[in-house]
Amino acid sequence: MAAFSFRDELSPNSLPGTPLQNTTLPAGGSDLFSPVTLVGGDGRIGAFEIYFVPSVGGILSVSRTTPNEVSTTEKLNNGSEIAAGTKFSDVITGTVDDIISLQFSATGGTCYLTVADVSGDLVKWIKA
């Protein structure tokens with residue numbers, strides 16, 4: 001098998017707790033990785049690209065707790081089930097002191113998950 005070395009200096013950082021490669025899914029609705037608090041300069045927005053492939057069908061959600069301790073759960077994929085073996089990819093955003101995690105509604109399978117910090121690539125400061 002041929003080897004490929006990607007350009008590490010250009011590769012985005014992964015969110016702590018990811019990637020998950022052929023990892024057993026936790027009980028339905030449980031966090032796929034430990035919740036992460038976003039830190040950085042005030043007024044900044046982070047962008048994170050999610051790539052997810054489950055071996056069983058279910059709904060992927062992002063849980064978000066804001067600095068004023070308001071918690072919300074947002075169903076991804078327009079609230080539709082992601083079928084077994086189907087790739088799901090999307091970008092979510094967050095701001096300083098948000099606590100985020102992902103959950104999947106199904107149990108009993110495995111998943112492949114990466115969450116990459118693509119903030120510098122997708123979020124740009126535009127001067128008026």
Side-chain angles (χ1 to χ4, degrees):
M1 173 184 340
F4 175 79
S5 180
F6 54 90
R7 293 173 49 180
D8 193 45
E9 70 277 4
L10 298 178
S11 299
N13 292 322
S14 64
L15 206 60
T18 70
L20 304 176
Q21 298 168 306
N22 197 34
T23 301
T24 301
L25 290 165
S30 298
D31 291 329
L32 294 174
F33 54 86
S34 295
V36 175
T37 301
L38 304 180
V39 296
D42 288 337
R44 297 295 212 171
I45 295 175
F48 303 92
E49 183 176 32
I50 299 168
Y51 180 94
F52 180 72
V53 181
S55 67
V56 294
I59 296 175
L60 184 65
S61 300
V62 60
S63 172
R64 181 189 316 271
T65 303
T66 60
N68 59 353
E69 298 185 6
V70 174
S71 295
T72 59
T73 300
E74 306 157 13
K75 293 179 181 174
L76 301 176
N77 197 35
N78 294 318
S80 297
E81 179 175 292
I82 300 169
T86 301
K87 172 192 89 158
F88 169 80
S89 184
D90 199 359
V91 174
I92 61 170
T93 61
T95 190
V96 175
D97 294 329
D98 278 355
I99 301 170
I100 61 171
S101 62
L102 294 174
Q103 299 84 30
F104 192 59
S105 65
T107 303
T110 61
C111 73
Y112 182 92
L113 169 70
T114 59
V115 182
D117 176 6
V118 293
S119 302
D121 297 327
L122 296 178
V123 180
K124 304 291 183 190
W125 178 259
I126 300 173
K127 286 182 113 176

message: I need the single residue from Asp31, Leu15, Asp98 that forms a side chain to side chain contact (heavy atoms under 4.5 Å, CB included) with Val36. Which is it?
response: Leu15

query: Other than Met1, which residues form its hydrophobic cluster under the rule that side-chain heavy atoms must be closer than 4.5 Å?
result: none

Nonpolar side-chain network containing Val70, other nodes, edges under 4.5 Å: none

message: If you count every heavy atom of other residues, nucleotides or ligands that lies below 6.0 Å from Asn68 atom CG, does the total exceed 12?
response: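 Enclosed: over 12 neighbouring heavy atoms sit under 6.0 Å from CG of Asn68.
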
Value rounded to 0.5 Å, distance of [atom1] in [X] from [atom2] in [Y]:
X: Arg44; Y: Thr95; atom1: CZ; atom2: OG1; answer: 10.5 Å
X: Arg64; Y: Thr93; atom1: CZ; atom2: OG1; answer: 5.5 Å
X: Ser30; Y: Leu102; atom1: OG; atom2: CG; answer: 13.0 Å

- request: List the steps, then state whether side-chain contact (heavy atoms from CB on, under 4.5 Å) holds for Thr18 with Leu32.
  value: CA-CA 9 Å; Thr18 70; Leu32 294 174; over 6 Å; no

field: ring-ring contact (aromatic ring centres under 6.0 Å, His included): pairs with one or both residues in residues 7-46, sequence neighbours excluded
entry: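 Matches after skipping sequence neighbours: none remain.
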
query: How would you list, by chain and number, every residue that makes a side chain to side chain contact (heavy atoms under 4.5 Å, CB included) with Ile92, sequence neighbours excluded?
result: Phe48, Ile50, Val62, Leu76, Ile100

message: My understanding is that only residues two or more places apart in sequence, or in another chain, count here; which of them pass side chain to side chain contact (heavy atoms under 4.5 Å, CB included) with Thr23?
response: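 Thr23 satisfies side chain to side chain contact (heavy atoms under 4.5 Å, CB included) with Leu20 once adjacent residues are dropped.
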
- prompt: Nearest heavy-atom pair of Ser63 and Gln103: which atoms, and what distance?
  reply: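 Closest approach of Ser63 to Gln103, heavy atoms only: CB-NE2, 3.3 Å.
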
task: Please name the pair of heavy atoms, one in Gly58 and one in Glu81, separated by the smallest distance, quoted to 0.1 Å.
output: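 That would be N-CG, 3.2 Å.
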
Quick one: side chains of residues 104-115, donor-acceptor pairs under 3.5 Å with protein atoms, not counting sequence neighbours, listed by atom name and distance.
from: Ser105; atom 1: OG; to: Ile59; atom 2: N; distance (Å): 2.8
from: Thr107; atom 1: OG1; to: Gly28; atom 2: N; distance (Å): 2.5
from: Thr110; atom 1: OG1; to: Asn22; atom 2: OD1; distance (Å): 3.4
from: Thr110; atom 1: OG1; to: Ser55; atom 2: OG; distance (Å): 3.4

query: Under 3.5 Å, side chain of Ser119 to main-chain N/O of Ala47, donor-acceptor pair present?
result: yes

